[in-house]
Protein chains: 2
Amino acid sequence: MTTSTAPAAAPQHSVIDELVCFALYNASHAITQTYRSVLAPWGLTYPQYLVFVVLWNEGAMPLGDLGRRLELDSGTLSPLTRRMEQAGYLERLRASDDARVVTIALTAEGERMREELAAVPACVAGAMKLDQSTAMQLRGMLHQLADDTRAFDAASSDPTETTGAPDAGR
Amino acid sequence: MTTSTAPAAAPQHSVIDELVCFALYNASHAITQTYRSVLAPWGLTYPQYLVFVVLWNEGAMPLGDLGRRLELDSGTLSPLTRRMEQAGYLERLRASDDARVVTIALTAEGERMREELAAVPACVAGAMKLDQSTAMQLRGMLHQLADDTRAFDAASSDPTETTGAPDAGR
DNA sequence: CACAATTCAGTTGTGCGCAACCTAATGGTC
DNA sequence: GACCATTAGGTTGCGCACAACTGAATTGTG
């Protein structure tokens with residue numbers, strides 16, 4: 001009715017709110033959204049920013065190594081790095097000793113972005129409103145969760161695994 | 001080079017926030033991967049499963065309400081629900097009293113999927129290896145994080161917000 | 001009633017994210 | 001050298017996720 005009061009669309013409690021998985025999915029999207037607006041001035045996406053972080057801290061490396069750190073495969077990183085190359089942030093170089101390998105290396109412009117984007121983490125941290133101890137606790141839980149879950153995924157798709165008894169009817 | 005010991009003169013926010021964001025991003029993908037393999041026999045995706053969960057528990061509702069619960073907009077839910085309709089799981093009905101509204105309602109087949117998929121949560125929980133108290137603690141942190149972050153996103157994109165003095169030249 | 005503002009769903013375009021597949025290059029074996 | 005399995009990156013196809021836009025329906029106001 002009056003000005004801009006809440007139009008009765010308050011966050012109602014729904015069943016999905018009880019699911020840890022949905023909380024994870026939802027929080028992840030919310031963070032990505034924050035990065036989207038923070039990175040918008042440079043036309044960067046969150047996965048592209050993650051590529052920057054790895055390369056800034058560890059230097060040039062093959063595309064496969066990058067994928068292992070970010071848990072992304074070539075189907076994702078191939079086009080993603082091509083876009084970053086076209087934007088002038090990095091180069092993709094065929095290794096001379098092994099022609100299968102493509103080394104991903106920052107350009108001078110890409111290195112310069114390290115200072116350009118120095119304020120990004122603090123900006124996102126401001127949105128997250130997490131104190132240090134909670135952040136570390138949360139990070140630990142999430143690492144554990146990702147490790148356990150990926151181990152499960154690998155085991156259930158790989159019949160050579162010997163873990164897990166052949167429990168028939170569960 | 002890695003495993004930096006205490007960064008003496010580190011400013012308030014440093015790499016730690018980054019790691020939390022990536023841990024979240026990574027864990028979310030890992031869980032989605034688990035759902036992917038668990039739901040594969042029915043050709044369902046994780047967001048489609050979430051739609052089922054909401055509709056099973058709350059019954060038919062407009063597409064917009066569904067989007068508010070899942071934090072997804074019409075650009076995502078419109079094609080998603082069309083695929084689920086084509087698969088025979090639900091119907092999309094124009095409301096008679098308001099022709100703008102499309103009500104999403106499960107078919108008998110969609111209702112039957114509730115028993116069909118009853119084992120899914122336990123299966124995914126088995127992959128996650130979380131005890132109840134940790135799960136609840138994690139869920140609480142993630143809800144808080146998502147709420148804070150979305151509030152920040154909304155405030156920074158909506159100048160009509162009156163929360164605090166809007167920083168002029170920023 | 002006229003008409004502007006708002007609401008709701010849909011469409012288009014871009015960028016992940018991943019399965020499935022392809023090709024080229026490499027290494028091991030004979 | 002011929003053969004084969006493996007490895008690295010690329011391509012295709014599909015389904016999200018979201019910004020930006022469209023268009024129809026509804027509501028508020030005079």
Interatomic distance, B/Ile104 CD1 vs C/dA9 P [rounded to whole Å]: 8 Å
Within 6.0 Å of CD in B/Gln132, more than 12 heavy atoms from elsewhere: no
For A/Arg68, side chain to side chain contact (heavy atoms under 4.5 Å, CB included) partners two or more places apart: A/Asp65
Nearest non-hydrogen partners of A/Ala127 and A/Thr34, listed with the distance: CB-CG2, 3.9 Å
Taking only N/O atoms, report every protein-nucleotides 22-24 of chain C pair under 3.5 Å with atom names and distance.
none

Nearest-Å distance for atom pair CG/C1', residues A/Leu70 and C/dC16: 13 Å
Along DNA chain D (nearest heavy atom to each residue), the more 5'-positioned of B/Asp73 and A/Pro62: A/Pro62
Contacts of type side chain to side chain contact (heavy atoms under 4.5 Å, CB included), residue A/Thr134, not counting sequence neighbours: A/Leu130, A/Asp131, B/Met141
Out of C/dG10, D/dG10, D/dA25, whichever nucleotide has its closest atom nearest the side chain of B/Asp98: D/dA25
Results of salt bridge (Lys or Arg N to Asp or Glu O under 4.0 Å) for A/Arg69 - residues two or more places apart only: A/Glu58
B/Leu63 CG to C/dG10 C1', straight-line distance once rounded to whole Å: 9 Å
Pairs involving residues 86-96 of chain B, ordered by first then second residue, that meet salt bridge (Lys or Arg N to Asp or Glu O under 4.0 Å) (sequence neighbours left out): B/Glu85-B/Arg92
Check: A/Thr45 side chain, C/dG15 base, donor-acceptor under 3.5 Å: no
Under 3.5 Å donor-acceptor, B/Asn26 side chain and B/His29 backbone: no
For B/Asp98, all residues meeting side chain to side chain contact (heavy atoms under 4.5 Å, CB included), sequence neighbours excluded: B/Arg100, B/Val101
Partners meeting side chain to side chain contact (heavy atoms under 4.5 Å, CB included) with A/Gln48 (sequence neighbours left out): A/Leu44, A/Thr45, A/Leu80, A/Arg83, A/Met84
A/Ser74 side chain, from C-beta outward: closest of C/dC18, C/dG10, D/dG9: D/dG9
Presence of B/Thr76 side-chain N/O under 4.0 Å of D/dA17 phosphate oxygens OP1/OP2: no
Please set out all donor-acceptor pairs under 3.5 angstrom arising from side-chain atoms of residues 103-112 of chain B, sequence neighbours excluded.
residue  : atom : partner  : partner atom : Å
B/Thr107 : OG1  : B/Gly88  : O            : 2.7
B/Thr107 : OG1  : B/Tyr89  : O            : 3.1
B/Thr107 : OG1  : B/Glu109 : N            : 3.4
B/Thr107 : OG1  : B/Gly110 : N            : 3.1
B/Glu109 : OE1  : B/Arg112 : NH2          : 2.5

Between P of D/dC16 and CG of B/Leu66, the distance in whole Å: 13 Å
Nearest-Å distance for atom pair CG/P, residues B/Asp65 and C/dT7: 14 Å
Partners meeting salt bridge (Lys or Arg N to Asp or Glu O under 4.0 Å) with B/Glu116 (sequence neighbours left out): none
For A/Asp97, all residues meeting side-chain hydrogen bond (donor to acceptor under 3.5 Å, both in side chains), sequence neighbours excluded: none
Nearest-Å distance for atom pair CE/P, residues B/Met61 and C/dA9: 12 Å
Within residues 80-93 of chain A, residues whose heavy atoms come under 4.0 Å of DNA chain C: A/Leu80, A/Arg83
B/Gln48 vs B/Ser96, nearer the 5' end of DNA chain D by closest nucleotide: B/Gln48
Nearest-Å distance for atom pair CZ/P, residues A/Arg150 and C/dG17: 11 Å
Under-4.0 Å side-chain N/O to phosphate OP1/OP2 contact, A/Tyr46 with C/dG15: no
Proximity to DNA chain D (any heavy atom under 4.0 Å), residues of residues 26-43 of chain B only: none
Distance test, side-chain N/O of A/Tyr25 to OP1/OP2 of D/dA17, below 4.0 Å: yes
Touch class at under 4.0 angstrom, heavy-atom based, for A/Gly64 against every strand present: sugar-phosphate
Length of the line joining A/Leu72:CG and D/dA8:C1', which is rounded to integer Å: 16 Å
